[in-house]
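For the numbers below, each heavy atom of this structure counts, side chains included, while hydrogens, waters and symmetry mates do not. Below, read A as the first sequence line, B as the second, and so on, with proteins coming before strands; counting in each chain starts at 1.
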There are 2 protein chains.
Amino acid sequence: MFTKGNLFENYRKGAATIARSTIGKIRGTYDQLSRTEKKVAQLALDNPAVVSEMTIKELASATGVSTATISRFVKRMDYSNYREFTMALAHTAAEMTPQQNSFPELAEGDSLATIANKTFRFSINSLRATNEALNEDDLARAVIKIINAKTVAFFGLGGSAVAALDGYHKFLRTPLNVTYHPDYDIQLMQAARMTAQDCAIVISHSGRNHETLEIVRELKRNGVAIIVITSYSGSELAQAAAVTFLSLTDEVKYRSEGMYSLISQMTILDSLFMMTVLRSSSRTKPVLTRVRDVIEQTRYDS
Amino acid sequence: MFTKGNLFENYRKGAATIARSTIGKIRGTYDQLSRTEKKVAQLALDNPAVVSEMTIKELASATGVSTATISRFVKRMDYSNYREFTMALAHTAAEMTPQQNSFPELAEGDSLATIANKTFRFSINSLRATNEALNEDDLARAVIKIINAKTVAFFGLGGSAVAALDGYHKFLRTPLNVTYHPDYDIQLMQAARMTAQDCAIVISHSGRNHETLEIVRELKRNGVAIIVITSYSGSELAQAAAVTFLSLTDEVKYRSEGMYSLISQMTILDSLFMMTVLRSSSRTKPVLTRVRDVIEQTRYDS
DNA sequence: TATTATATGAAAAGAAGTTTCACATTTCAA
DNA sequence: TTGAAATGTGAAACTTCTTTTCATATAATA
């Protein structure tokens with residue numbers, strides 16, 4: 001009977017014997033082949049990808065030889081059957097196709113699928129870059145401030161409103177006292193009401209938006225602990241923060257893609273959320289079961 | 001009779017439809033599958049390379065189901081026969097770099113940095129899975145509906161409100177007539193006002209939220225073109241849609257992470273946005289400069 | 001609870017692939 | 001040159017693999 005274990009064993013054994021590429025094998029034995037077998041070999045060399053998808057009958061009629069000859073041919077090539085041969089051929093054919101460029105840029109002839117692929121690739125690259133830029137000290141300081149805050153308020157305008165709303169939404173699932181409102185004036189009033197016991201999470205792509213800076217000045221005046229999520233470490237906003245997290249994109253030259261930094265910002269918030277939950281409740285419940293519970297409870301219900 | 005010419009034609013035709021990876025396909029239809037079919041799907045997802053080398057009988061005994069069921073399963077996956085399925089599976093297995101596909105789970109001793117790393121990894125995996133499940137036909141149909149719509153309205157409640165807001169925000173940068181309101185009652189009224197000339201983009205993680213379904217029924221009654229973004233292809237919501245996009249996470253068994261599907265949903269919206277902009281304005285300006293301009297214009301200003 | 005739809009495996013039917021066998025061609029020694 | 005041996009080949013028998021049919025079981029629905 002089949003079990004996972006011996007499946008893998010079989011696979012390993014199989015893989016180990018594939019030392020030479022199929023095409024190499026054919027080339028190597030080519031001139032030892034008979035006249036009819038050469039016809040088969042030639043077609044396989046010319047279009048490995050096509051041949052790999054043919055049945056033995058199709059290949060027979062395509063080359064004008066009998067199926068028997070082909071069956072013998074693949075055995076001579078050291079495959080145990082025709083199926084194994086076509087699989088190996090497909091493998092080599094796939095390897096020969098050129099690998100994609102790791103950095104995508106949208107270009108003229110792009111098909112819809114390509115546009116989508118590049119968009120996803122860009123997002124993934126941004127996440128990777130952002131992740132690499134995180135450091136544990138910052139995370140620790142941020143979590144402490146969040147856990148100990150009387151109130152945690154989210155601030156974000158324009159495009160960053162989405163991230164702020166998301167953060168608010170996530171942290172609603174914790175026992176913390178959280179607040180967010182999309183309107184600028186109300187955000188400003190909220191900032192004015194906060195104290196040194198509170199924590200503010202401010203999200204701004206450029207870090208230069210006037211309204212956001214106004215809010216930060218108000219927060220600072222009140223001694224509120226400020227956690228900033230932005231894409232520019234040099235901005236006035238970043239300077240004012242107790243802790244700054246950077247959302248980055250892979251390539252520096254792309255200077256105007258708040259679009260991609262948004263998901264990085266959200267994933268930073270996600271990380272803060274997970275850390276907060278795991279740390280703040282670690283007295284009450286064993287962690288392992290708790291993680292599941294947390295995820296279950298925090299399910300988005302729509 | 002077979003000639004070189006029509007061989008290639010056949011091949012091209014075949015290749016064009018392979019927009020979606022096999023694994024993506026399986027993930028995309030996973031929850032529409034029956035109990036036994038899921039066993040087959042699971043094994044194929046877990047060890048695609050191994051399964052791709054098995055005969056239908058071997059796979060049958062490895063999963064404990066009948067060969068008949070497997071044959072039906074591959075047809076449901078849209079392959080014309082078992083052979084084609086294993087070939088495609090081998091293809092994707094070869095393309096997958098095994099290194100990055102290990103799946104992180106939050107565990108007891110995790111340091112803050114580890115929690116953050118795993119969170120990012122999880123997000124990246126979700127994006128990758130979502131990307132693999134996209135197919136070009138769906139993209140094309142969606143873009144056509146969006147471009148030709150009199151009004152494009154976004155719908156999303158609860159956690160998906162964030163994605164809907166984000167979509168609205170993005171498409172505000174296009175010349176299209178867009179609308180979104182966070183409040184359920186207003187969304188319902190909006191749905192009632194729409195006609196067959198309009199397009200609705202409905203976002204819902206589970207696809208089972210009652211309010212969202214109510215909105216969709218209203219939309220359907222009015223003949224509105226519905227584009228759905230959800231995580232469950234089998235949901236009533238997905239059934240009602242003209243086009244459905246799936247936001248997926250890496251592992252099918254983790255069934256409660258609307259958190260990670262959110263950024264996948266947003267990246268799908270991002271893709272639709274880029275495609276819409278590039279396609280709808282292609283008459284007026286040369287594309288290459290336009291891409292830059294678009295990104296520049298769509299800058300998030302906060 | 002009766003009825004309809006759906007799911008499933010056993011087995012028949014149908015394809016695909018391999019081996020056998022008879023015949024053709026080539027090689028080579030006498 | 002000629003006949004025996006060796007090799008190459010395809011038709012057809014045979015085996016193995018895959019698909020379809022059909023009867024039954026199970027779940028969903030009225």
Side-chain angles (χ1 to χ4, degrees), chain A residues 1-2 7 10 14 22 26 29-44 48 50-90, chain B residues 1-2 7 10-11 14 22 26 29-44 50-90 207-208 213 232-236 238-239:
Chain A
M1 198 230 156
F2 262 105
L7 277 184
N10 290 341
T22 314
I26 299 177
T29 30
Y30 188 83
D31 47 34
Q32 296 166 41
L33 298 173
S34 71
R35 186 179 46 78
T36 40
E37 284 177 328
K38 273 182 183 151
K39 284 196 273 184
V40 180
Q42 196 60 58
L43 193 62
V50 180
V51 171
S52 75
E53 300 194 341
M54 295 166 99
T55 66
I56 199 169
K57 274 190 192 167
E58 285 170 343
L59 182 54
S61 63
T63 52
V65 306
S66 71
T67 62
T69 299
I70 292 172
S71 183
R72 282 188 292 260
F73 165 75
V74 303
K75 295 233 157 66
R76 197 194 280 232
M77 288 292 134
D78 225 35
Y79 295 98
S80 63
N81 55 42
Y82 181 75
R83 210 178 115 86
E84 196 176 274
F85 166 77
T86 52
M87 296 289 295
L89 198 58
Chain B
M1 198 224 153
F2 262 104
L7 278 184
N10 289 341
Y11 181 57
T22 313
I26 299 176
T29 29
Y30 189 84
D31 52 34
Q32 291 172 49
L33 298 175
S34 69
R35 186 178 46 77
T36 42
E37 284 176 328
K38 272 183 183 147
K39 285 196 271 184
V40 180
Q42 196 62 59
L43 193 63
V50 180
V51 170
S52 75
E53 301 193 341
M54 295 165 102
T55 66
I56 201 169
K57 270 191 193 168
E58 287 170 341
L59 182 54
S61 64
T63 52
V65 308
S66 69
T67 61
T69 300
I70 292 172
S71 182
R72 282 189 292 256
F73 165 76
V74 302
K75 295 236 158 62
R76 198 194 277 231
M77 288 294 132
D78 226 35
Y79 294 98
S80 61
N81 55 42
Y82 181 75
R83 200 168 177 282
E84 194 177 300
F85 167 76
T86 52
M87 296 290 296
L89 197 58
R208 294 189 198 87
L213 287 173
Y232 297 85
S233 57
S235 63
E236 182 187 337
Q239 308 301 328

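- Distance Glu58(A) CD to dG17(C) C1': 13 Å, rounded to the nearest Å.
- Listed candidates were dG8(D), dA11(C), dT18(D). Nearest to the side chain of Tyr82(B) is dT18(D).
- The base of dG17(C) has none of its N or O atoms less than 3.5 Å from a complementary donor or acceptor on the side chain of Arg72(A).
- Of the candidates dC17(D), dA16(C), dG8(D), dC17(D) carries the atom nearest the Ile56(B) side chain, counting heavy atoms from C-beta on.
- One can place CG of Asn81(B) at 10 Å from C1' of dA15(C), the figure rounded to the nearest angstrom.
- Leu43(B) approaches Ala62(B) most closely through the heavy-atom pair CD2-CB, 4.1 Å.
- Using a 4.5 Å heavy-atom threshold, the side chains of Thr69(B) and Glu37(B) count as touching.
- For Glu84(A) and dG17(C), the CD to C1' distance is 14 Å, given to the nearest whole Å.
- Atom CD1 of Ile70(B) is separated from atom P of dA10(C) by 13 Å (rounded to the nearest Å).
- Computed from coordinates, the Phe73(A) CZ to dT19(C) C1' distance equals 19 Å when rounded to whole Å.
- Taking every side-chain heavy atom of Ser66(A) into account, dG10(D) is the closest of dG8(D), dG10(D), dG9(C).
- Between Ile26(B) and Met77(B), the closest side-chain pair of non-hydrogen atoms falls below 4.5 Å.
- Considering only the side chain of Ser71(B), dT20(D) comes nearest among dT20(D), dG9(C), dT9(D).
- When rounded to the nearest whole Å, the span between NZ of Lys39(A) and C1' of dT9(D) equals 11 Å.
- A close approach under 4.0 Å does not occur between any side-chain nitrogen or oxygen of Thr69(A) and OP1 or OP2 of dT9(D).
- When distances are taken from the side chain of Lys57(B) to each of dT18(D), dG17(C), dG10(D), the shortest belongs to dT18(D).
- For Thr36(B), counting side-chain heavy atoms from C-beta on, the closest listed nucleotide (dT19(C), dT9(D), dA7(C)) is dA7(C).
- Atom NZ in Lys38(B) sits about 11 Å away from atom P in dT8(C), given to the nearest Å.
- Going from atom OH of Tyr79(B) over to atom P of dT19(D) covers 14 Å, rounded to whole Å.
- Each of dG17(C), dT9(D), dT18(D) was ranked by its minimum atom distance to the side chain of Arg83(B); first place goes to dG17(C).
- For Ser34(B), whose side chain is taken as the heavy atoms from C-beta onward, the closest listed nucleotide among dT8(C), dG10(D), dA16(C) is dT8(C).
- Under the side-chain contact (heavy atoms from CB on, under 4.5 Å) test applied with Leu59(A), the options Thr63(A), Thr55(A), Ile56(A) reduce to a single match, Thr63(A).
- Across Arg83(B) and Tyr82(A), no two heavy atoms sit closer than the pair NH2-CE2, 3.7 Å.
- With dT18(C), dA16(C), dC17(D) as the candidates, the nucleotide lying closest to the side chain of Thr67(A) is dT18(C).
- Within the structure, every side-chain polar atom (N or O) of Lys75(B) is placed at least 4.0 Å from both OP1 and OP2 of dT18(D).
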